[in-house]
K.L.:
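Input: one structure, supplied below.
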Amino acid sequence: MSESKPRDNPYLAHLPPSQRGVGTGSKEITKDPLFGFLPRKVKGDQVRKAMDGDVNPFTKQPHSGQYKKILETRKKLPVFAQMDEFLKIFSENQIIVMVGETGSGKTTQIPQFVAYSDLPHTKGKMVACTQPRRVAAMSVAKRVADEMDVQLGRHVGYSIRFEDMTEAGTTFLKYMTDGMLLREAMNDPSLERYSTIILDEAHERTLATDILMGLLKGIAKKRKDLKIIIMSATLDALKFQKYFSLRSDATAPLFKVPGRTHPVEVFYTQEPEPDYVEAAIRTVLMIHRAEDPGDILLFLTGEEEIEDACRKIKLEADDLLNQDPSSVGPLSCIPLYSSLPPQQQQRIFDAAPPPITKDGPPGRKVVVSTNIAETSLTIDGIVYVVDPGFSKQKVYNPRIRVESLLVSPISKASAQQRAGRAGRTRPGKCFRLYTEKDFMKELEEQTHPEILRSNLSNTVLELMKLGIKDLVSFDYVDAPAPETLMRALELLNYLAALDDDGNITPLGGIMAEFPLDPQLAKLLIVSPEFKCSNELLTITAMMSVPNVWLRPNNQRREADAAKAALTVPDGDHLTLLNVYNQYVLNKHDKNWCWTNYLSQRALQQADNVRAQLQRTMERFDIDLISLSDEKKLFVNIRQALVCGFFMQVAHKEGEKGNYLTVKDNQASQPSLISVVALHPSCGLDTQPEWVIFNEFVLTTRPYIRTVSEVKAEWLIEFAANYFDLSTFPDGETKRALQRAWNKRAGRGDKKSSKGSRQDGSDERLAKKRRTDGRD
DNA sequence: GAGCACTGC
């Protein structure tokens, strides 16, 4: 070993000699603020000393003027007082569960403490901290970059879909969405580039976080050098501690930090409220009349309910003001839900209206919101919360393969979260519009994790790609219903993403690389065979963004007329293509969107998605092709759609506009759900015998939405396995298919090669498969 | 003759 190597601290080998103190005397040594730090054996006083120094330990640059100021506010966070305790527990354990209530500073501070102890930059590794939402990943990364006195995107960065704000080789602390880390795992199943992984907001139990927990538990057994921190709210801690116990007789250690919030007094109703919207409005007005100044947050379930309630509250409040201007102040009522344009969402941060007269009673602000204000958005200054106890929740019924939204009672955890929104700036009050007994006895402890409420075809494909073959015995925090897994496997097998033995096929491997539902990924991959991949790329992008059609309440007729002008009568999918093309032809013009009642936000999003999908297609050499003959093109597009959506086909029965979804009409007893109608927004000018649909929605009755005409012969040609008649219940649908089979037999069975990948035999794609990079 | 809770890749 050479004399010039630092003997006492091999972890400084990454530094240039001048900073290692090599050969330049001991003065230089003391200039390195991290000198003497042994990874994962770092003590609190070492860290505090390094933080208090004049030189940034990570950049070796002098600190900026604001650094010390920010550091002083950081030191007041509850988590800061427990730094020594944290560093000790971090040194001694591979997996830690941490609970920190609102205001503890865990999201910003813990990853920094980890960076100081882990010294990831000395090993060419990174510390990752996941967030369920993009805005959180971005804004926390920005804050932490400021706190660490580095430029965002250099030593501290973030990674979210469409934006990688990191620098290879430099970034050692990375905030990212949970979905992004899951994507990375698909090409790096041991997540080798990370030394510590922190899953934040684990109690929210997003699908991605749940899968990551399962993966990390497995990786931790193989990679003893990987440390894992699960950060959550109190209620769930024990569950995670048990799940992550490394020995059967012990749970994972818990690190606990108090929050910094104000007390919230909770009130219940004496009797159950029969009409929660009416009761909510009444309660808001009661607060306005009788309670001290302070803003109100009311939770309702959806856009229509919220707009309606806002109108009524405004009317009644204006009445009160007119009747008694000396004792009641003015009131502003602000709706909040996600489909609202960002500019209007900003209104929730406006100040309450000023008093009408100089010494009159002060004004008050009421925000009427969906669940978005429960987790994603925090509004300061809220003192009163009105909680009717409901929210819209996704439910999945594997038997009929339908995801839908249902207004359901919230959980206790959710009710507590809502109440907490009243105590952010000073002591507050929460009015629950249900009885205490119902709270205790009827509400579930936790909201069911997303994995139990979702269609898992996407997730199953991802897990398969991750090399997890036995999905049933995968170590889930909460295992999904076997029937849900079965449905997913069935779909993936029909799409030829899995072979009959349940192994992922080369095609399935490529499908998994697309950030899309398997059906969409499939049709995109086969689209070059139909010479319309350019168009399918657009249609796929349009189908994976929110609805582009706007229909304001007071301008429905104008909106419908604008839509009619853009409609292609052959099918809604072609209409989507047309809308996007017109948007591009009109140079993404905002005014063009506006006059045509289209959501520019959604179209812009489609544009982003399209570009991302195109990059993925290029990675796999999937050509972008178009046909110049429009008539032929339109036929081919609908044929390619069949290759992905053959399981979402409906057949017309009788002349009343009723359709029967294929295969759901078991035997002689069609289930209620299988009789559907074309959604009124459907642009078809006829009622074709066969249609494919993108969406099944259950509202006033079952509807199918985004519909295109197809031909029976395409079904049996491009999805022969699925339309094997021996698997069909008797009925008109089966007889119609039988006629198509007979006709084909009469023609002589000339099997098309198009869409042949349905049987999973195509090896050509396998050769093209590359594993480099990610998108 | 209709309605998108909220995220994420």
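We name chains A, B, ... by the order of the sequence lines, and we start the count at 1 in each one.
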K.L.:
Do the side chains of A/D387 and A/R421 get close enough for a salt bridge, i.e. N-O under 4.0 angstrom?
P.N.:
no
K.L.:
Mark yes or no for a side-chain to base donor-acceptor pair under 3.5 Å between A/R551 and B/dA2, with no hydrogen or angle criteria applied.
P.N.:
yes
K.L.:
Whole angstrom is fine here: how far is it from CD in A/Q131 over to C1' in B/dC6?
P.N.:
16 Å
K.L.:
Without swapping roles, check the side chain of A/D517 against the backbone of A/Q519 for a donor-acceptor pair under 3.5 Å.
P.N.:
no
K.L.:
Within the pair A/T370 and B/dC6, is there a side-chain N or O less than 4.0 Å away from OP1 or OP2?
P.N.:
yes
K.L.:
So A/L405, base contact, sugar-phosphate only, or nothing? Heavy-atom distance under 4.0 Å.
P.N.:
base
K.L.:
Of the non-hydrogen atoms in A/F390 and A/I410, which two are nearest, and what is the gap between them?
P.N.:
C-CG2, 3.6 Å
K.L.:
Which one, B/dC9, B/dA2, B/dA5, comes nearest to the side chain of A/E303?
P.N.:
B/dA5
K.L.:
Considering every strand and a 4.0 Å limit on heavy-atom distances, what is the contact class for A/I160: base, sugar-phosphate, or nothing?
P.N.:
sugar-phosphate
K.L.:
Under 4.0 Å between any heavy atoms, over every strand shown, what does A/S391 touch: base, sugar-phosphate, or nothing? Just pick one.
P.N.:
nothing
K.L.:
How is A/T699 classified with respect to the nucleic acid when contacts are heavy atoms under 4.0 Å: base, sugar-phosphate, or nothing?
P.N.:
sugar-phosphate
K.L.:
So what does A/N608 hit on the nucleic acid, given a heavy-atom distance under 4.0 Å: a base, only sugar-phosphate, or nothing?
P.N.:
nothing
K.L.:
For A/T209, which of A/D200, A/T130, A/D178 qualifies under side chain to side chain donor-acceptor pair (under 3.5 Å)?
P.N.:
A/D178
K.L.:
For the side chain of A/M180, starting at C-beta, report the closest nucleotide among B/dG3, B/dC9, B/dT7.
P.N.:
B/dC9
K.L.:
By the 4.0 Å heavy-atom rule, please label A/R161 as base, sugar-phosphate, or nothing.
P.N.:
base
K.L.:
Indicate whether the side chain of A/Q687 and that of A/Y659 have a donor and an acceptor atom separated by less than 3.5 Å.
P.N.:
no
K.L.:
Find the distance A/W549:CH2 to B/dG3:P and express it as a whole number of Å.
P.N.:
17 Å
K.L.:
Could you state the CG-P distance from A/L182 to B/dT7, rounded to the nearest angstrom?
P.N.:
19 Å
K.L.:
When you measure from the side chain of A/P680, which nucleotide among B/dG1, B/dT7, B/dG8 comes out closest?
P.N.:
B/dG1
K.L.:
Reckon A/Y337 touches a base, only the sugar-phosphate, or nothing at all at heavy-atom distances under 4.0 Å?
P.N.:
sugar-phosphate
K.L.:
Between atom CZ in A/R453 and atom C1' in B/dA5, what is the gap in whole Å?
P.N.:
10 Å
K.L.:
Less than 4.0 angstrom between a side-chain N/O of A/T700 and OP1 or OP2 of B/dA2, yes or no?
P.N.:
yes
K.L.:
Which heavy-atom pair separates A/L516 from A/T540 by the least distance, and what is that distance?
P.N.:
CD1-CG2, 3.5 Å
K.L.:
Rounded to the nearest Å, what distance is computed from the CZ atom of residue A/R619 to the P atom of nucleotide B/dC9?
P.N.:
15 Å
K.L.:
Check every atom of B/dA5, B/dC6, B/dC9 against the side chain of A/R183 and return the nucleotide holding the closest atom.
P.N.:
B/dC9
K.L.:
Taking only N and O in the side chain of A/S338, is any of them less than 4.0 Å away from OP1 or OP2 of B/dA5?
P.N.:
no
K.L.:
Which sits closer to the 5' end of DNA chain B, A/T301 or A/L516, going by the nucleotide each is nearest to?
P.N.:
A/T301
K.L.:
Hey, is the side chain of A/R556 poking within less than 4.0 Å of OP1 or OP2 on B/dA2, counting only N and O atoms?
P.N.:
no
